[in-house]
Amino acid sequence: MTHGFDDKERVKQATDIVDLVSSYLQLRRQGSNYVAACPWHDDQRPSLQINQVRQSWKCWVCDIGGDVFSFMMKRENIEFRQALEMLAERSGISLTHRAMPRTESGNPNDKPTLYRAMAWASEQFHRCLLTDPSAEPARRYVTLRGISADAIKTFKIGFAPNAWTWLQDRSKSTEFSADVLNACGMLASSDRGGWYERFRGRLMFPIQDIQNRVIAFGGRVLPEFAEEEEAEKGRPPAKYINSPESRLYSKSDNLFGMNIARDTLSRDRHLIIVEGYTDVVAAWMAGVENVSAVCGTALNQRHIRLIKRFADQITLVLDGDEAGKRRTNEILEHFIAADVDLRIMTLPEGQDPCDFLQARGAADFRTRIDKAVDALEHKIRIETDGIDLIRDTHLANQSLERILATIAGSPAALGQSPETRLRCQQVMTRISRQFQIELGVLHKRLLELQRTTRRGPVTSESESPAARRWRIADLRSNECELVQLMLQGDAFLDRAIENISPNEFVQGPCRELYEMICERFHNGQPVDFESLMLQLEDADLKHLLDRLDEEFHAKSSMTEVELSEQLNNVLSAFERQRMENDKRQDMSSLSNPEIKPEEEVDILERMFQQAKERQGIQ
């Protein structure tokens, strides 16, 4: 049995490289990355590097590396299929266990078609908001909410008219059938048969993935249309509705605005999480760009895996009402268990971030962010609020048990590093003083709880490096450079594939990568680092692609003109190689005693002409 591309994509998205490697090895933060002692050689200093943003690992000494799949393959000494199944089980994902049929463009199961349909729909809604007369209520609303033209453009905000078939009518001149729009989550089936549009009379917020592709929508009902719907159905409509789960979209794997916050996070790995789409927009307008929001669901472990790729510190900002406080407490355990530096910012009663930013401005918002309390401190405050810890022993004991249970589920309780041991000790000292209970008694109870909630780190034994089929140092530089350049954009792909045949590569890993790139290009599939890594199942090829891509970006700050010039140089190198091959073949033919005189003359004339061209003689 085989597994489809979607299986690989879902498993990779659900597996964070730091979480995976830390389940085998003791990690230590080093700058923006992590390091560990490599288990595959006698490592006196940590030389295994883990890059959380790229979701990659490598050991320069062993000359090995790759992604989560190749780490599992190397660590467990297994093939790709077994690695996929083990990681799927680890993430709680059920695999399809079937070959995924190839789909054609326009098919509702074809993901490139769905991406194009979502981009098209987003553009229709956006243009409608800007120019369509039916969008006048929406334009009044965004003006009332203080949403600027720049924000509308940046977030691609749009409007879905209050009509049953508006998008379907416009799609008739496109490749996007009703089945495709339904697969995107834009339509829903009616009781009478046929389709109706899910988003009607709503302000549309496109939800984009990290690659800036529209994958879903959040729709905010406008007051005028809410009244109409309530009169029609006898109940008020939902204030917000969100796209259903689809082949493109999972609520638990995406955060609204993360694609925009990503650039800021690359400089300052601090993410602020709010609840609503307009909260993110208001923060961006105020100059606070490291903000994202959940998409109609509670924050969970899968969100945390995504967040930890880009942020080391998280500040959670939820509404200042009682419901917001309850939600904060509900998701607190997830973050503490994941060993995330989580801070909690509490807004004044009844205010959401959008209201607060418009009333008080960015400076006050940032000040409160800077003063946000640690998650454990927040937990202690919640559990002890309104309780006389000395006199009300019953409630105090219940409060203490909940606090200790939270700490027991935290990696800090394991004391795996000096920093976490110190943090745990400080918290325990604070609790001892506050509850007036001896520190030794608290530690004993914490250990009892810890045994039922956590498991210590897994140690590993050293293993011998596997023999490689080839060494990167032995690969041709022009072949490596061409593969690197082909990951940089469609313009380079067109020129390279037009001029270079895979047969011009020597047999080896670069040729395998180039053949895969050519095949994806001709099939209309994306050719980028993430897509290729996901398709590759060979650990050595994963390592090569990862190394080529990382080395290119580490040394390259070239403009597009300079990149084009580099491509010219690489193509020229292939041309010189081609001419040398022709020359050797001609010399071999001339040495053949059975060559005919006219053939000998043709070869000599061709060699003479090629020699003139090499010397620039016309």
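Because only heavy atoms are used, hydrogens play no part in the values below, and waters and symmetry mates are left out as well, while side chains stay in. Here the structure is a predicted model, which is why all the values come from computation and not from measurement.
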Taking C-beta and beyond as the side chain, do [X] and [Y] meet within less than 4.5 Å on heavy atoms?
X      : Y      : result
Tyr115 : Ile215 : yes
Lys12  : Val68  : yes
Ile403 : Thr384 : yes
Leu449 : Arg445 : yes
Met204 : Ser122 : no
Arg269 : Val53  : yes
Leu442 : Leu404 : yes
Gln208 : Lys156 : yes

Quiz item: Taking only residues two or more places apart in sequence or in another chain, which ones pass salt bridge (Lys or Arg N to Asp or Glu O under 4.0 Å) with Asp370?
Solution: none
Salt-bridge criterion met for [X] and [Y] (N-O under 4.0 Å):
X      : Y      : value
Asp19  : Lys308 : yes
Arg343 : Asp341 : yes
Glu9   : Lys111 : yes
Lys8   : Glu537 : yes
Glu448 : Lys444 : no
Asp385 : Arg381 : no

Practice problem: Classify the side-chain pair Gln49/Asn51 by whether it contains a donor and acceptor separated by less than 3.5 Å. | Solution: no
Quiz prompt | Tyr34 and Arg29: side chain donor to acceptor below 3.5 Å | solution = yes
Practice problem: On the 0 to 90° scale, with breaks at 30° and 60°, tag the Phe155-Trp284 ring pair as parallel, tilted or perpendicular. | Solution: perpendicular
Quiz item: With under 30° as parallel and over 60° as perpendicular, where do the rings of Tyr277 and Phe256 fit, or are they tilted in between?
Solution: perpendicular
[X] side chain to [Y] backbone, donor-acceptor under 3.5 Å:
X      : Y      : answer
Ser246 : Leu248 : yes
Gln26  : Ser22  : no
Gln55  : Gln52  : yes

Quiz item: Distance from Ser292 atom OG to Leu271 atom CG, nearest 0.5 Å?
Solution: 4.0 Å
Quiz item: For Ile273, which of Val317, Val291, Ile314, Leu342 qualifies under side-chain contact (heavy atoms from CB on, under 4.5 Å)?
Solution: Ile314
Quiz item: Does any pair with a residue in residues 428-438 pass salt bridge (charged side-chain N to carboxylate O under 4.0 Å, His left out), and if so which ones, sequence neighbours excluded?
Solution: Glu377-Arg430
Practice problem: Identify the heavy atoms of Arg220 and Lys239 that sit nearest to each other, and give their distance. | Solution: NH2-CE, 3.0 Å
Quiz item: Does the ring center of Phe217 lie less than 6.0 Å from the ring center of Phe205?
Solution: no
Quiz item: Does Glu89 CD have over 12 foreign heavy atoms under 6.0 Å away?
Solution: no
Residue list, side-chain hydrogen bond (donor to acceptor under 3.5 Å, both in side chains) with [X], at least two apart or on another chain:
X      : value
Ser70  : Trp57, Asp67
His270 : Thr315
Arg54  : Asp546, Asp549
Gln13  : none

Exercise. Check the pair Lys58 / Asp63 against salt bridge (charged side-chain N to carboxylate O under 4.0 Å, His left out), numbers first and verdict last.
Key: CA-CA 7 Å; Lys58 68 167 52 66; Asp63 194 22; over 6 Å; no
